[in-house]
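Report on one structure; see the data block that follows.
All values derive from a computational prediction rather than experimental measurement.
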Amino acid sequence: MGDGHNFRQLRECILALSQASDWEVARKEWSLVDISEADEPDTCLCGHFPIIEICQIANRVTGRRTEVGNRCVKRFLGFRSDLIFAAIKRIRKDITKSLNADAIAFFNERGLLTSWECGFLQDTMSKRALSPAQSATRQRINEKVLAAISRRGFRGPD
Ligand SMILES: [Zn+2]
């Protein structure tokens with residue numbers, strides 16, 4: 001591919017952990033279960049180094065798990081983890097900003113958000129002018145999300 005991402009190598013690694021032997025079927029067995037930012041640069045299954053934005057994926061059929069870089073997860077498995085990482089960058093830069101829909105859905109699914117928090121984030125997602133109390137609540141939730149991401153090994157319920 002010319003940019004250090006070896007799709008054949010990635011595919012072989014993923015196939016070895018899948019039940020299906022056909023790539024198009026095998027990839028459907030996988031889902032995105034966790035994201036994190038590595039303290040130390042890591043190597044993707046495709047051989048690409050360095051990767052910082054790490055996605056943990058799990059196979060629903062075989063129960064196997066593995067880690068892949070954000071780029072490969074988007075490119076080859078079609079998970080929009082890039083949108084979640086974009087939301088993380090946004091709130092890290094400005095804690096008063098809102099998470100986006102992808103991030104809210106992901107962190108809710110991972111059990112990080114309470115159902116009240118999830119509802120609050122959805123209700124206020126596109127609001128620019130929050131009341132002081134709403135703004136404080138948004139920041140508190142954002143800080144919780146950032147803390148979970150920086151703690152490598154954050155694992156929500158499966
Ligand atoms: Zn890769």
Side-chain angles (χ1 to χ4, degrees), residues 1-95 97-115 117-119 121-122 125-126 138 141-158:
M1 226 157 287
D3 58 0
H5 295 269
N6 185 334
F7 177 51
R8 184 178 296 176
Q9 181 181 323
L10 176 89
R11 190 173 55 184
E12 278 168 14
C13 290
I14 299 281
L15 279 173
L17 300 169
S18 305
Q19 188 170 75
S21 53
D22 176 82
W23 169 250
E24 290 302 325
V25 179
R27 59 190 280 193
K28 302 274 191 288
E29 297 175 359
W30 293 85
S31 52
L32 178 67
V33 295
D34 192 15
I35 64 167
S36 58
E37 290 174 323
D39 296 332
E40 301 276 329
D42 218 331
T43 303
C44 183
L45 284 185
C46 72
H48 180 77
F49 178 90
I51 53 168
I52 298 292
E53 296 173 339
I54 317 278
C55 298
Q56 188 176 74
I57 57 173
N59 186 298
R60 288 185 298 274
V61 182
T62 63
R64 303 296 296 271
R65 289 179 172 224
T66 191
E67 291 184 339
V68 182
N70 185 26
R71 294 257 311 267
C72 279
V73 157
K74 181 189 171 199
R75 217 152 139 194
F76 304 122
L77 293 165
F79 304 143
R80 295 306 309 271
S81 53
D82 58 318
L83 297 176
I84 303 170
F85 280 110
I88 298 297
K89 286 199 183 85
R90 201 160 101 106
I91 63 168
R92 179 171 289 138
K93 207 170 150 194
D94 182 349
I95 197 74
K97 296 280 190 192
S98 172
L99 290 170
N100 59 27
D102 291 81
I104 295 169
F106 180 76
F107 291 117
N108 184 48
E109 194 187 307
R110 302 311 303 148
L112 183 67
L113 303 174
T114 65
S115 58
E117 287 170 338
C118 185
L121 290 178
Q122 290 175 76
M125 189 164 62
S126 52
R138 181 190 274 176
I141 300 171
N142 284 349
E143 277 157 11
K144 180 162 93 166
V145 167
L146 290 180
I149 291 300
S150 63
R151 197 170 65 233
R152 186 156 158 72
F154 156 67
R155 299 282 182 269
D158 293 327

Query raised in the report: Shortest non-hydrogen contact from Ile35 to Cys55?
Result: CG2-SG, 4.3 Å

Query raised in the report: Is the closest side-chain heavy-atom distance between Ser36 and Gln56 below 4.5 Å?
Result: no

Query raised in the report: For the residue pair Ala87 and Leu99, what are the closest heavy atoms and their distance?
Result: CB-CD2, 4.1 Å

Query raised in the report: Take atom CD in Glu40; do more than 12 heavy atoms of anything else shown fall under 6.0 Å from it?
Result: no

Requested in this report: Name the orientation class of the two ring planes belonging to Phe7 and Trp23 (parallel below 30°, tilted from 30 to 60°, perpendicular beyond 60°).
Outcome: perpendicular

Query raised in the report: Hey, does Phe107 have a side-chain heavy atom less than 4.5 Å from the side chain of Leu121?
Result: no

**Report entry** Non-hydrogen atoms of Cys72 and Cys44 that approach each other most closely
**Finding:** SG-SG, 3.8 Å

Requested in this report: Could you tell me which non-hydrogen atom of Val33 sits nearest to which non-hydrogen atom of Arg65, and how far apart they are?
Outcome: CG2-NH1, 3.9 Å

**Report entry** Rounded distance (nearest 0.5 Å) linking atom CG of Asp22 with atom NZ of Lys28
**Finding:** 9.5 Å

Query raised in the report: Mind checking whether Pro41 and Phe49 have side chains closer than 4.5 Å, heavy atoms only?
Result: yes

Query raised in the report: Do Ile104 and Cys118 have side-chain heavy atoms sitting under 4.5 Å apart?
Result: yes

Requested in this report: Flag yes if more than 12 heavy atoms outside Arg64 fall under 6.0 Å of its CZ atom; otherwise flag no.
Outcome: no

Query raised in the report: Quick one: does Ile84's side chain get under 4.5 Å of Leu32's, heavy atoms only?
Result: yes

Query - Salt-bridge contact Lys74-Glu53 (side-chain N to carboxylate O under 4.0 Å) - result: no

Query raised in the report: When rounded to the nearest 0.5 angstrom, what distance separates NE2 in His48 from CG in Asn6?
Result: 12.0 Å

Requested in this report: Check the pair Ile149 / Glu37 against side chain to side chain contact (heavy atoms under 4.5 Å, CB included), numbers first and verdict last.
Outcome: CA-CA 7 Å; Ile149 291 300; Glu37 290 174 323; 3.8 Å; yes

**Report entry** Phe76 side chain reached by Ile14 side chain, heavy atoms, under 4.5 Å
**Finding:** no

Query raised in the report: Which heavy atom in Asn100 sits nearest to a heavy atom in Met125, and how many Å separate them?
Result: C-SD, 3.9 Å

Query raised in the report: What's the verdict on side chain to side chain contact (heavy atoms under 4.5 Å, CB included) for Asn70 and Asp82, showing C-alpha distance, side-chain angles and the deciding distance?
Result: CA-CA 6 Å; Asn70 185 26; Asp82 58 318; 4.1 Å; yes

Query raised in the report: Do Glu29 side-chain atoms and Thr62 backbone N/O form a donor-acceptor pair below 3.5 Å?
Result: no

Report task. May I ask you to decide if Leu113's main-chain N or O and Glu117's side chain share a donor-acceptor pair within less than 3.5 Å? Result -> no

Requested in this report: Under the side chain to side chain contact (heavy atoms under 4.5 Å, CB included) rule, what do Phe106 and Leu83 come out as? Steps first, then yes or no, please.
Outcome: CA-CA 10 Å; Phe106 180 76; Leu83 297 176; over 6 Å; no

Report summary line: For Asn108 and Thr114 the tightest heavy-atom approach is OD1-O, 4.4 Å

Query raised in the report: Is the closest side-chain heavy-atom distance between Val68 and Ile51 below 4.5 Å?
Result: no

Query raised in the report: CZ of Arg75 to SG of Cys46: how many Å apart, nearest 0.5 Å?
Result: 8.5 Å

Report task. For side chain to side chain contact (heavy atoms under 4.5 Å, CB included), just list the numbers for Ile88 and Arg92, CA-CA rounded to whole Å, side-chain angles, deciding distance to a tenth of an Å, and then say yes or no. Result -> CA-CA 6 Å; Ile88 298 297; Arg92 179 171 289 138; 4.0 Å; yes

